[in-house]
Amino acid sequence: MTKRHVRHTARTLRDTRTARSAGLLAVAAVAALSLTACQTGGDDGAAGARTKVSASAPASEAGGNGASAQTVARSEAPTGDRTTAPAAATTTSGKTSKAVAAPIRTVTLVDGSKAEVYRVGTQRYQAKIVNNGDLLATLDTKKGDDGIDANGMYVVLTMGGEVRSWMGGEHQGPGTFALAGGWKAKVTKVGELHYRAQIIGREGAVEATMDANQHDTGLDANAVYIVLSAGGVISSHA
């Protein structure tokens, strides 16, 4: 055998051993990776088992902080679930009831009944005359001062929400009559349950006109209070 053949044979043997060693190293590396993966998966599985709480587990097992299984489930929910507003509550009737307004004042009238005064708008008031829980009448300043002849008790509700009541001092129209405070009233009959009164001042000029058409009316004449009924009775009080 020549020297050239010897060197070739030696080089072939070295290459064969090198390839075999490389193959063994590759197998060892794969085995090591598989072992590491198994160990890592086992740790993760154990950690997951430790962090999850079953619905039947007591609160002391949920990390020792007293959190229930439902609390843990909510904490793992997406942010959108936590910030979603709750549904609006519904009532049994499905309707919203209006709050009943309270009177701004209650005035005791001369016969012992009450006048409950309500503010219902700008310079507009209502007075409900109540006796023993029964509503007897309602005055309203929608068109100006209002008044009523309540069986011989006279009541005026002013546009400022003031209430005045008195008894006596009545006159039966038609006719011209002297009133409190130096006023005079010329009462005329216009029709059935319809009377009109011209309120005359000291100088003889007509300062106001009251019209009781199917409904009593009242007037505040510079702190002199006047009621004209639909039946033609007029009364005043200062």
Side-chain angles (χ1 to χ4, degrees), residues 99-238:
V100 177
I104 60 173
R105 72 177 66 88
T106 300
V107 180
T108 300
L109 305 179
V110 294
D111 70 345
S113 58
K114 306 289 185 180
E116 298 176 349
V117 182
Y118 298 83
R119 180 183 288 113
V120 294
T122 303
Q123 288 191 329
R124 184 179 175 185
Y125 294 85
Q126 287 182 348
K128 296 182 179 180
I129 300 176
V130 180
N131 188 18
N132 293 325
D134 296 328
L135 178 62
L136 304 181
T138 300
L139 303 180
D140 194 325
T141 62
K142 181 178 181 180
K143 297 180 180 180
D145 301 331
D146 200 4
I148 189 173
D149 174 2
N151 296 325
M153 179 182 70
Y154 303 95
V155 184
V156 169
L157 174 65
T158 73
M159 292 184 66
E162 300 298 324
V163 176
R164 294 292 185 271
S165 66
W166 69 94
M167 290 183 176
E170 57 268 269
H171 305 278
Q172 176 63 60
T176 300
F177 312 100
L179 304 179
W183 297 97
K184 289 184 180 180
K186 183 179 180 180
V187 180
T188 57
K189 183 175 181 178
V190 180
E192 187 66 25
L193 293 178
H194 186 184
Y195 282 79
R196 185 172 295 136
Q198 293 179 324
I199 308 302
I200 303 169
R202 295 181 183 275
E203 304 299 325
V206 176
E207 302 292 344
T209 298
M210 303 176 68
D211 193 39
N213 185 4
Q214 312 292 320
H215 186 280
D216 301 344
T217 187
L219 179 66
D220 174 7
N222 295 333
V224 174
Y225 305 96
I226 308 170
V227 168
L228 174 66
S229 76
V233 174
I234 190 166
S235 179
S236 62
H237 179 74

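Residue indices begin at 1 and follow the sequence shown.
Each salt bridge (Lys or Arg N to Asp or Glu O under 4.0 Å) pair with one or both residues in residues 193-216, not counting sequence neighbours, appears once here: R196-D211.
For the atom pair NE2 (H171) and CG (L179), the distance works out to 6.0 Å, reported to the nearest 0.5 Å. For the atom pair T217 OG1 and M210 CE, the distance stands at 5.0 Å (nearest 0.5 Å). Atom CD1 of I199 and atom NZ of K186 lie 12.5 Å apart (nearest 0.5 Å). Atom OH of Y195 is separated from atom CD1 of I234 by 12.5 Å, given to the nearest 0.5 angstrom. Interatomic distance, OG1 of T158 versus CZ of R164, reported as 7.5 Å (0.5 Å rounding). Here the NE2 atom belonging to H194 is positioned 8.5 Å from the OG1 atom belonging to T188, to the nearest 0.5 angstrom.
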Full working for side chain to side chain contact (heavy atoms under 4.5 Å, CB included) between M167 and D111:
CA-CA 9 Å; M167 290 183 176; D111 70 345; 3.7 Å; yes
As a quick check of understanding, evaluate side chain to side chain contact (heavy atoms under 4.5 Å, CB included) for V163 and L109, giving each step before the final call.
CA-CA 9 Å; V163 176; L109 305 179; 3.8 Å; yes
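Scanning for side chain to side chain donor-acceptor pair (under 3.5 Å) contacts around W166 gives S235, with sequence neighbours left out. Contacts of T106 classified as side-chain contact (heavy atoms from CB on, under 4.5 Å), with partners at least two apart in sequence or in another chain: P103, K114, E116. Looking at residues two or more places apart in sequence or on another chain, you find a side-chain contact (heavy atoms from CB on, under 4.5 Å) between A238 and A180, V224. Partners of R119 according to the side-chain contact (heavy atoms from CB on, under 4.5 Å) rule, which considers only residues two or more places apart in sequence or in another chain, are I104, Y125.
Q214 contributes a side-chain N or O that, together with a main-chain N or O of E192, makes up a donor-acceptor pair within less than 3.5 Å. For the pair D145 (side chain) and D220 (backbone), a donor-acceptor distance under 3.5 Å is present.
Considering D140, T141, T138, D146 as possible partners of Q126, the one that fulfils the side-chain hydrogen bond (donor to acceptor under 3.5 Å, both in side chains) test is D140.
Counting all heavy atoms, side chain and backbone alike, V187 lies closest to G173 at CG1-CA, 3.9 Å. Shown here for A230 and H215, the closest heavy-atom pair between the two residues is CB-N, 3.8 Å.
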Let me check something: any side-chain donor-acceptor pairs from residues 147-157 under 3.5 Å, sequence neighbours excluded? List them with distances.
from	atom 1	to	atom 2	distance (Å)
D149	OD1	G152	N	3.0
Y154	OH	E170	OE1	3.0

